[in-house]
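Only one structure is covered here, and it is reproduced in the block below.
All ligand and atom numbering here is 1-based and tracks the order in the structure. The residues of the chain are indexed from 1 along the displayed sequence. Keep in mind it's a predicted model, so treat the numbers as computed, not measured.
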Amino acid sequence: MARLHARIGTFRQLEILLAVHSAGSITEAANRLFLTQPTVSMQLKKLAEAVGTPLYHQLGRKLVFTEAGLEVVKSARDTIDTIERLEMKLYDLQGLKTGTLKLAVVTTAKYFIPHLLGEFLKLYPDIDIDFKVGNRQQIIDRMASGEDDFYVFSHPPKDQALELYEFLPNPLVAIVQPEHPLAGKKKIPLQTFLNQPFLMRESGSGTRHAIEKHFEQQGVKPNTRMIIESNEAIKHSVMSGLGVSVLSEHTLTFGGSSGLAKLDVQELPIMTHWYLANLSAKPLSVIARTFLDYIAATGKDSLIHELNRSSQA
Ligand code: PGA
């Protein structure tokens with residue numbers, strides 16, 4: 001049998017393999033890599049020949065990775081991570097901060113994370129940012145690939161070994177149309193609020209997870225009229241009088257609140273917190289460590305300052 005290192009393909013082939021694995025299809029991976037489909041297929045064929053066993057099977061339109069294929073994917077990820085870390089370390093030794101910071105954040109965090117990144121990039125203009133957004137479940141699913149440096153959640157999964165850094169409160173507040181009869185009332189009983197048609201985020205959403213947990217603890221149920229997959233669409237539906245909802249206050253402070261009123265409801269807001277999470281098993285890159293240090297040293301305070309300023313405006 002040929003020695004293992006002689007059987008593993010080129011670095012580029014490993015990158016292509018990872019792209020195909022995370023995209024789930026040759027076409028999508030080719031798009032992401034700006035390559036043609038035949039180039040991607042050819043490189044994977046060469047890699048499979050080098051490894052000496054098929055890496056995946058095509059079942060209809062679906063790619064199913066073989067056990068050997070999954071092992072190669074895992075090692076490819078470790079290899080690329082190691083090389084990237086080495087690259088960043090070498091730049092760091094030369095006093096240069098350059099490389100890519102990979103963030104995957106839940107939809108609600110997309111309102112404020114860019115404000116943190118603006119300041120960070122002024123300090124480190126040579127750092128590139130890879131910024132992915134999904135609901136809580138989609139971000140949890142991304143963790144399996146171990147690609148990202150940090151995840152931003154207010155409800156990190158409990159069954160993953162994660163390092164958590166809490167950096168910001170996240171109040172979930174009740175909202176209505178300003179013309180609604182409840183607008184402006186004080187200490188509205190929770191049940192009165194919940195008698196209104198409720199607009200709920202989709203299943204898999206962290207906001208929904210927090211709302212359901214809180215209402216369950218209070219022994220109440222919302223009167224759900226619509227399931228809506230986006231904070232912005234919920235805001236617009238509330239503005240147009242379709243119902244009431246509960247959303248992170250950051251969707252209003254950073255995303256605009258005109259046409260909406262916050263309600264003073266008993267047992268609300270739901271108080272949660274934002275966490276920066278990284279996989280315990282994946283060592284932080286130089287860039288990731290720099291970002292974490294930046295948040296702890298100044299980013300967190302300047303964000304809180306900006307939040308206070310926007311909520312008073
Ligand atoms: P979501 O997550 O965007 O999936 O609702 C928000 C959160 O985790 O609080």
Working to the nearest 0.5 Å, report the span between NE2 of His209 and OG of Ser154.
8.5 Å
Distance, nearest 0.5 Å, that separates CG of Leu86 from OG of Ser285:
12.5 Å
Given Asp148, which of Lys282, Lys132, Arg142 fulfils the side-chain hydrogen bond (donor to acceptor under 3.5 Å, both in side chains) condition?
Arg142
What protein heavy atom is closest to atom 5 (O) of ligand 1, reported as residue, atom name and distance in Å?
Thr207 OG1, 2.6 Å
Run the numbers for me: atoms of ligand 1, each under 4.0 Å from some heavy atom of [X], listed by number.
X      : value
Arg136 : 4 (O)
Asn135 : 4 (O)
Thr107 : 1 (P), 3 (O)

Is it the case that ligand 1 has an N or O less than 3.5 angstrom from some N or O of [X]?
X      : result
Ser154 : yes
Arg201 : yes
Arg208 : no
Gly206 : yes

Validation row, ring centre Tyr56 to ring centre Phe65 under 6.0 Å:
yes
How close do Ile139 and Phe153 get, heavy atom to heavy atom, and via which atoms?
CG2-CZ, 3.5 Å
Within 6.0 Å of CD in Glu229, more than 12 heavy atoms from elsewhere:
no
For ligand 1, note which part of Trp274 has a heavy atom under 4.0 Å away: side chain, backbone, both or neither.
side chain
State whether Lys213 and Glu216 are salt-bridged, where the test is any N-O pair (Lys NZ or Arg NE/NH1/NH2 against Asp/Glu carboxylate O) under 4.0 Å.
no
